[in-house]
Each structure stands twice: as C-alpha cells, then as structure tokens.
Amino acid sequence: MESTGKTQGVSRREFATCAAAAAAGFVLTACGPKQLHEFPKARLSSLLKEMEQRYAAKYGTAFTVADTPPIDGVEFAYALDISRCIGCRRCVYACVDENNQSRDPQVHWIRVFQMEKSKGVDFTEGDPYYHPKEVPQEGHFYIPVACQQCRNAPCTKVCPTGATWTEKDGIVVVDYDWCIGCRYCMAACPYGARHFNWSEPSVPADTVNTNTHVLGNRPRPKGVVEKCTFCIQRTRNGRYPACVEICPVGARKFGNLLDPTSEIRYIIENKRVMVLKEDLNTMPKFFYFYAT
Amino acid sequence: MTKRIVLLTATATLTGALIYAAAQQPAATPPALAPAPPAQAEEKLEVPPPPFSDGIFPCSQCHKDMKPNRTRRTLTEMHTDIELKHDADHRWCLDCHDANDRDHLHLASGELISFDESYKLCGQCHGEKFRDWRAGVHGRRTGYWNGHKKYLLCANCHNPHQPHFKPLEPKPAPNRPTRDSVSR
Amino acid sequence: MNFARTFGQFIAGSLRIVLRGNKTYWAWLAFLAVLIVSGGLAYARQVSEGLGVTAMRDQVSWGFYIGNFTFLVGVAAAAVVLVIPAYVYDWKPIREIVIYGELLAVSAIIMCLLFVLVDIGRPDRFWHLLPPVGHLNFPTSILAWDVLVLNIYFVINFVVVTHILYRAFGGRHYEKRLVYPLVLLSIPMAVGIHTVTAFLFNGLAARPYWNASILAPQFLASAFCSGPAILLIVMQLLRKFTRFEIKDEAIWKIAELMAYATFINLFLHGAESFKEFYSNTEHTLYVRYWFFGLGSHTTLVPWAWLAVALNTMAFVLFIVPASRRNWVLLNIGCIATYGGCYIDKGMGLIIPGLTPDALGEIYEYVPSVPELRVAAGVFAIGFLVFTLMLKVAVPITLGEFHGKASTIH
C-alpha cells in the first residue's frame, strides 16, 4: 500500500509535538528530586534541614540528621561469638531504641534463633519465638541474625530504582525517600534481614533517638524497606554499634577489617569463623565464631 | 722426607676441606624460642575500679592485726556470704589472696599484684581467655572501635568466687505475623 | 485536518457503540463496575493505612498481587501463539482472530501494570522507575528489564491493533511496512516478557524453589496453555452474540496447539518434581509444603492437587481429537487449563517460594479480604477494557463500523 503525503505529514507533525513535549518534560523534571547520592552538596544540606524540621514538628523535640561520610581506609565487619550468646535479646531491644524502629507495627532488625546443640546450625529447626523463664536453656545455643552487609549483596543487585547500595565503608544502605516499596530486595535477601513498613511506623516521642543519620536511624515513612545499618550514625563517628555495647556477655565484636590490629582481624585470623549460607556466595561481612 | 711432606699436606688439605665443609652447614641452632611475650604485660591497663563490696577494702583494716591461718577450711566468722564455686575442690582463699598482705593478690610465683591488676592472676589459669581479652575479643566492648580501647576487669563481669554467669530472663519474643492486623 | 475529523468520528462512533447494548451487556458492565468501585475503595484504604491491610508480612512479602501479575504476563505472552501461524505461516483461518489475541494482550498488560502498582508500598513514587526523571537500575535489576519489556510489548501490541482497526475503520488496509515488522518483533517480545518475568524469580539464590533453570521454560509452557484458553472462550462467545465468524478449524487448531503446550507444561512439572523428590535435599521443603504441607501447615495442599487434576484433565481433553471437537468438552478443557495454570502460577509459584521463609519460619499466607477486593477490581478493569475494545473492534472487522465515505482516501 502506498503511503500518501498526508499520512507522512501527519506523522511528522505528531512526532514533532511528541518530541517537544518530551524535551520539555525532561528539562522540567530533571530539576526534580532524585536519589540521595546524586544530590549536589548544597541541596543535600537543605534537604537535611528540612528533614530535621519535619521530625522536630512530629516528635516535639530537636533532631539532627547527619550525612556523615564514610571514613577512608575503613571496611566494617562484625563477628558474633556463638559460644557466648545466651539469647537474652538485649541486643534486639537496644537496636530498637537506638535506631527508632517502629513499636507498633513491631519491627526488629535483629532476630535471635534458639537452636539445639545436637542439631547444629539448622534454620529449619531454629525457633525465634522462644520465651523460657531463663536463658541459656540447657542443650541449646543462640544465633542472632541481622543484615550481613554482604560484599556480593543480592539485594542491591535487584533494586529497580537503585534505592539501595553499598557504601565505601561496606555498609549496605537504603535511601528511604527513593525506595518505592516493591520489596524485590526482601525476596532476594537470603537472611530475612530486610523489613518492610507495612503501615505507618510508630516511635514513641519520649524514647525517640534524635541523633540520626540520613541513611540510618532517622524515622522512616510507611511503605519503605529498612534494615540494620551497622549503626551508621555511631560507627562513622568511631563508636561501636548499640548491640555491641549492650551485650552483657561480650559476644559481639565489631571493627575495621582493613586495620590489622583490630579485634575483627584477630578473630578471623585466630578463631574458627563461619558465615551463614556460604554456598550462596554472598560473602557476608558478618562472621560467626566460637571463641572457645 | 717427601713422604712426610705429602702426608702433612694431605692432612692439612683434608682438615681444611672438612673445616670448610663444616662451615657451609648451617649452624645447628636449638629450636627457635617462642617470641618473648609482649612487653604490654608489664604496662598498666586502664580499667574501672575493682567491684569491691561496700567498705570491704582496704582489707588490712581488719587483717593487719590478725594472724594468718593457713588451714584450708570453710570460714565461719566472717566472709560467710562468700560461697566459693571456683574449682573449690582444689582451691581456697589463700591460693589467690596473699596471706600476709590482704590488700594484694599473689601470683603462683609469689609476686604480689594489686586488685586492679587482677587479670594477671586470672590469666595464669585462663591463658587463652586472657590473650583474647587483651586483643579485645573476650568480654564486653564499649567505647571507640578506632580509638582508645577501654577494658573491663575480669571481676567487673565475673564474680571471682562464683564466676559462672547466672541465667538471665530473656527479653520478650517478637510478635508472630498474623493475617488480621499488622500490629501487636 | 482530515485526520482530526476521521479521528473524531472514530471516537464519537466508538462511544455510541459502547453505550449501546442488550441487557446481558449492561449487566456485565454493571457487574464489572461494582467490582471496580469495591476495588477502588479497598485500594484507597490500602493507600491510607499501608500494605498491612493485605495478608503479606515480612515472612511472605509477595502474595496475591504478584501471583496475578505473573499469571497475566503469561496470558499477554500467549497472543503470540496465534501470531506465529497467522502471520509467519499465513494460516488464513487464524488470521481473523489474531487481532483479538492482541487486544487480550493489551488488556492483560494493563492488568499486569495495575497489579504492580497496587503491590508497591509507595505508588506515589512510581515515577522513580522512569528515566530521565527517575533512575532505572538497568541492566542489573531484572525488574528494570521487566518494566522495559512489558511496556515495549504493550506499545507494540497497542500500536499494531489500533493501527489495523483504525485503518479498517477508514476503509483502508493496514500499512504492511509498519505492521509486519512490529508483529514479527512481537513474537520474540512475547517470549521475552515471560522469560524476563521468570528470570525475576529465577535469579534469586535466596529462594531455592525459584532458583531452578526450569522456571523460564515452565512459564512459557503454562502461558501457552492459559492464554489461548481465554481466547477460545471469547471467540465462541463472539460467534454466538455477534455476526462475527470464525471457522471451526481455527478453533480446533488452537486447541491442538494447546494440547502440546499442556503436555510440555505437565512434563516440566514432572521433571521438577523428580529432581526435588529424588535428590531429597533440604530444598525439597518448599515443594513439600505445596503438595503435602509441613506439619500442621497444609493450607495449600488441596489447591496443589486440584491444579494437577485440572492440568491433566485439560491435557487429555485437548490431545484427543474427538474430545477437542466436542464443544462441551473443549470448553471444559479451556476452563480446566485456565484454572490449573492460574493456581500453579499464582499460589503455586509465589507462596511455596517464600514458605518456609529465608530463616525457616512458616507463615501461612492466605489473601485478606481487602487484597481480594483490590485484585477483583484490577481484573474487572482489565475485563472492562477488553470488553469495550471488543465492542468496537468486532463491528470494525465486520465492516459494520466505518468512517463516512467522503473522508476516505
């Protein structure tokens, strides 16, 4: 069939209109908000100020939202001594307080599993809902699990908008204002480490932690994913994560993998160390070991 | 005469060769000694104060006028609140507390150490834990991972008379997920 | 300006057509409207209260919405079953109904996109996916690939179908140079959309049930069963209620192709079951949960065996020529294969993949009432779009709806 000139004229006109509209849209919206790590510095600081004001208005107390960058020459790692953990869950609740996790609906970044010594590390037999009068229970041991901060993270690979990525110091972070809540990262995580805000999170104003980091413990909105960030607001200022400090038996260790004198290096070089689901090649930076 | 010269030369050559050969062998040294323990063992670590019971220290308040009784026994007149459960079959008070100077502890060598160096005493038997503790791997960590390391005394966590930890009541279990409501 | 006039006539005429119909038609539209309103209200509650109104939780973070999405991508891909013989082999009897396959594909893709929209936690941030204003993590994220291929496939089908119908409305033949390349492209695209959707699940090492190479072929096989099943039913309805004509051979040929597709579907299921049960590793837990339950958790077991029964029955009905030429048995077969594939791809794929969860916990997911209402609303929107498009397309292809002679060139 021959195409008439009219048909060609129409399509050219149509094309030109569409192209002009697309160009205008691009110019207008390219100035719009984007991912956090693409922000120019000046706009980022005004964005942080706006967040501080918003939180202050909501919780009735002054907030700081920092964007402390990673320290050079640092790659964080964590080691947990499962010969010591008694399953007391103080780490779980210290984390909840430090990182402003929602109380209702309940969000816990750390999940402690009670396992039987005779069965070993077997998650099909583990029980996170144990509640005996006392721990440790005879014949059982305890494994807390949180984000393993994998070097080969499956979650950052699958995010369709790039809202989650690994920082230079090894912490896997989420931009809570960019996440669209598709939960693909939750399907991809082999450790159940990512948690979703199924409804509006509620943090009591009298216990809210006002010392926050934009990629860490600032109060999250509904409909986005969150997870352990190695207490980025603390660790980038040299402090230990809250779970390390609260553990009454000293089962938790943390430090800089690149520092040969750190506790972490000592553990990896001298103790029997393992990682969870090693066959998945996620290369976690969270190690489990037996000190004795 | 020639025969003597030849014999002398041969002997000298042989001896020289032997000496030369011997010199090529590496000198037989005794097995390498383990490197000397780090000098830190001598430096004083910054630790919190020892967890004395109220008013109990200095012990010499009472003991300076008392004659030491080295008989192994269960105490009946004082310190009855202490039930020793620390290798009680073989150890008793004066194996750690110095009989003549109650304000100090003593090592196996008899060397006196003060209470804020009590880790040296514990480290005698619990060497592996002591080394781990020095590296920061045993025991609770607080402070700065990249800065000044703070240590706790063994006794700050472990009661030296009954070191075994008592069980704790666990904090509440997480809520189970339910279909009807996302909270509670 | 003639374009504007013709287009105006087309719109006005289409509106007249869709607003004209018998009692059955209006009853059907009313039923869909009720579902859409109900779904809209339930969705409004979901937006306001959060996704917690569904039954999804951290342990089973994908559910009914994504299950339906996956199934509908298969339906959309199935249009190609008709396209291949029609255009590539120029098989005349099927040519007539290819357009309807593409209309089905368009409706199905609309439903897919809607199911994704209702599933995400922040629908207001949907634009984060769209470059240049957003950031699409292409090529690393398979979900980014899916966004691209689904929309491209949608555009291809939409352009082809509207072009053909609009030209027919204007009394002209479609532009072969436009249509043929697009249609040829739609064949690999159809395979592509479903392969990419399979890869969404397939690439996750964290979920051993999904991390199986068989997933992509499995998806295609079940797509080629379920998609044409709907079309066969629709064709028969059109033949009954309109002057639309379609040869029996066309229907029987499609049924025969579906027989082979159901065989492959069953074979792949069998191959998967063999691997799971014979090697009997800890990964078998997931398929065990599906077929036998784990301990007291047996919610899905009846569905699993129902799907097996339906798929097997459909295979038998389609493979035997006598039964596939019997209209009653043919339609039973269509419903059976549609039902079997729907169960398999929906609850049979998503839920066992996430139960037990990554750390061994079992949360028995059953969709909540708001979830069902929203899903019904999305299905109703898709069916409405399909109905309205058919209502206009059938008269166009029959020559009953066309532009005035004076505007035709």
Side-chain angles (χ1 to χ4, degrees), chain A residues 71 74 76 79 81 84 86-93 102-106 108 111-112 114 127-137 142 198-199 202 235 237-241 244-256 259 261-267 270-271 289 291-292, chain B residues 34-35 38-40 45 47-48 51 119 122-123 125-159 162-184:
Chain A
I71 305 173
V74 169
F76 289 124
D81 187 349
R84 296 269 173 273
I86 56 170
C88 68
R89 291 200 186 103
R90 275 145 180 75
C91 51
V92 176
Y93 292 93
S102 172
R103 309 307 197 262
D104 181 18
Q106 186 191 70
H108 284 172
R111 213 159 167 80
V112 186
Q114 178 175 268
D127 176 18
Y129 299 108
Y130 64 94
H131 54 280
K133 278 224 151 51
E134 296 181 328
V135 284
Q137 287 276 291
Y142 299 86
W198 296 99
S199 60
S202 69
T235 52
N237 292 315
R239 297 178 62 197
Y240 284 108
V244 172
E245 291 203 336
I246 197 91
C247 177
V249 299
R252 289 170 167 271
K253 303 292 162 208
F254 179 84
N256 177 9
D259 172 7
T261 63
S262 64
E263 291 122 57
I264 284 294
R265 286 284 286 269
Y266 180 93
I267 290 167
N270 294 294
K271 299 296 175 190
F289 70 105
T292 42
Chain B
Q40 313 141 324
L45 291 177
V47 289
Y119 48 85
C122 310
C125 293
H126 302 284
E128 197 181 317
K129 301 242 183 348
F130 175 67
R131 280 190 287 284
D132 282 353
W133 175 82
R134 285 294 287 123
V137 165
H138 181 99
R140 196 163 157 189
R141 261 277 140 262
T142 57
Y144 289 79
W145 57 265
N146 65 350
H148 184 60
K149 273 215 196 321
K150 296 205 276 184
Y151 286 94
L152 294 168
L153 283 173
C154 316
N156 285 125
C157 293
H158 301 278
N159 180 339
Q162 283 194 36
H164 195 72
F165 282 156
K166 303 249 178 324
L168 291 177
E169 190 191 339
K171 294 256 175 191
N175 297 333
R176 284 185 190 270
T178 55
R179 272 188 76 224
D180 42 3
S181 150
V182 76
S183 46
R184 277 166 295 288

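We use all heavy atoms of the structure for the numbers below, so side chains are in, but hydrogens, waters and symmetry mates are not.
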Side-chain donor-acceptor contact under 3.5 Å, A:Tyr129 with A:Arg111: yes

Top contributor to chain A contacts, counting heavy-atom pairs under 4.5 Å, from B:Pro172, B:Gly136, B:Gly147, B:Cys157: B:Pro172

Atom CD of B:Gln162: over 12 foreign heavy atoms under 6.0 Å: yes

Best-contacting candidate, A:Val135, A:Ile246, A:Asn256, A:Val112, against chain B by heavy atom pairs under 4.5 angstrom: A:Val135

Heavy-atom proximity to chain A below 4.5 Å, by part of B:Glu169: both

Heavy-atom contact with chain B under 4.5 Å, split by part of A:Phe254: both

Engaged part of A:Ser102 at the chain B interface, taking heavy atoms whose separation is under 4.5 Å: neither

Side chain to side chain, A:Asp259 and A:Arg265, heavy atoms closer than 4.5 Å: no

Region of A:Tyr142 in contact with chain B, defined by heavy-atom distances below 4.5 Å: neither

Whether A:Phe76 and B:Trp145 hold their rings parallel, tilted or perpendicular, with breakpoints at 30° and 60°: perpendicular

Selection from B:Leu168, B:Leu152, B:Asn146, B:Asp132 maximising heavy-atom pairs under 4.5 Å formed with chain A: B:Leu168

Partner chain B: residue of A:Arg90, A:Glu263, A:Arg84, A:His131 with the largest heavy-atom pair count (under 4.5 Å): A:Glu263

Side chain A:Asp127, main chain A:Gln114, donor-acceptor under 3.5 Å: no

Pairwise side-chain contact, B:Trp133 with B:Tyr151, heavy-atom cut-off 4.5 Å (strictly under): yes

Best-contacting candidate, A:His108, A:Lys133, A:Arg252, A:Gln137, against chain B by heavy atom pairs under 4.5 angstrom: A:Lys133

Pairwise side-chain contact, B:Leu153 with B:Tyr119, heavy-atom cut-off 4.5 Å (strictly under): yes

Contacting moiety of A:Asn270, where chain B heavy atoms sit under 4.5 Å: neither

